[in-house]
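One structure below.
Whatever order the structure lists ligands and atoms in, that order sets their numbers, starting from 1.
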Amino acid sequence: MTQRISLTRYLVEQQRVDGHIPSQLRLLLEVVARACKSISQAVNKGDLGGVLGAASTENVQGEMQKKLDIIANEVLIEANEWGGHLAAMASEEMDSIYVVPNRYPQGEYLLLFDPLDGSSNIDVNVSIGTIFSVLKKPEGSAGVSEHDFLQAGSHQVAAGYCVYGPQTTLVLTVGDGVAMFTLDREQGSFVLTQEHVQIPADTKEFAINMSNMRHWDAPVKRYVDECLAGKEGERGKDFNMRWIASMVADVHRILTRGGIFMYPWDKREPNKPGKLRLMYEANPMSWLVEQAGGAATNGHQRILDIQPGKLHERVSVILGSKNEVERVTSYHQKT
Ligand code: P6P
């Protein structure tokens, strides 16, 4: 059997052979991976660990927090604050940024994360995950502020997620394609299982929450109606539908076998551009998808080109198989 390559070796080679990542970024990614291992352990314990159910608090989004949301957030903060590679962190679960305390050295990177995405699935044992994005602190800025985080997704230096499902799999890009690492629990390490991941340009599978159909804008309704019309309709082929209500799980399926994922703007909250968050959900997932040959827009522009105005800004998301994303985006441009 060919020797399996560990995450550590993969990152060392990205640093040494491809000169792709500085040592501080390699350290950052290894620390995030170790934190994901700890979160995976907590998730896997479920009821046995007394970690299911709601906490008695709300997050900045006004959503009830699950106990595991808070645990995952604390694991990521504690794992990353002392290493000297970060200046600050931002999380879906925290109103403002977390500046590395003075007792630790400050680094040049900014880490953003959704510590446990899909948490409505925690109590029903459906896949959930951690999403992370890495930016560099702008040159010359003394100290660190929330404004330093407000960079377009095209400025990311690393992005990924860890899906806690039947396998625990870390999916990562540093700008040189997408690699997948499966957790070998006997070794306690992530092992390279897929490299140079490619999303098929076409698909027969779409992912959207159909219960919101009456609230969608016309271009999204047109696209989904055509999928539902199947081979007798405009598209001349039948489609399948999936909706796991866990972005990490839906995106992992798309990276693995293609598909299109949509969480579009809808009339329920017309003043919000969408439900999903730009900085720590849409941007990392969009970079992964583009690095795997797919596309990601908000219906009007490339998500990675959006200049954020606020840390917890929301965005409409259409991502996945390139030809399908381009079709939906073209429908938006015709209206
Ligand atoms: P709905 C999970 O809460 C999440 O942020 C994404 O992971 C997921 O795609 C979406 O919301 C699910 O939303 O409205 O279908 O429950």
- Query: With Thr169, which of Thr256, Val248, Thr182 fulfils side-chain contact (heavy atoms from CB on, under 4.5 Å)?
  - Reply: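 Result for side-chain contact (heavy atoms from CB on, under 4.5 Å) with Thr169: Thr182.
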Under 4.0 Å from ligand 1, residues with heavy atoms, in chain and number order, are Asp117, Gly118, Asn209, Trp243, Ala245, Ser246, Met247, Phe261, Tyr263, Lys275, Leu276, Arg277, Glu281
Does the plane of the ring in Phe261 sit parallel, tilted or perpendicular to the ring in Trp243? Use 30° and 60° as the thresholds. parallel
Hits for side chain to side chain contact (heavy atoms under 4.5 Å, CB included) against His196, two or more places apart or cross-chain, chain-then-number order -> none
task = Would you please test Ser286 and Arg302 for side-chain hydrogen bond (donor to acceptor under 3.5 Å, both in side chains) and show each step?
result = CA-CA 9 Å; Ser286 297; Arg302 187 171 169 249; over 6 Å; no
Quiz item: Are Ile128 and Val124 co-members of a hydrophobic cluster defined by side-chain heavy atoms under 4.5 Å apart?
Solution: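 No, because Val124 and Ile128 fall into different hydrophobic clusters, even though each may have its own neighbours under 4.5 Å.
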*Do we see a donor-acceptor contact under 3.5 Å between the side chains of His312 and Asp95?*
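His312 vs Asp95: no donor-acceptor pair found between side chains.
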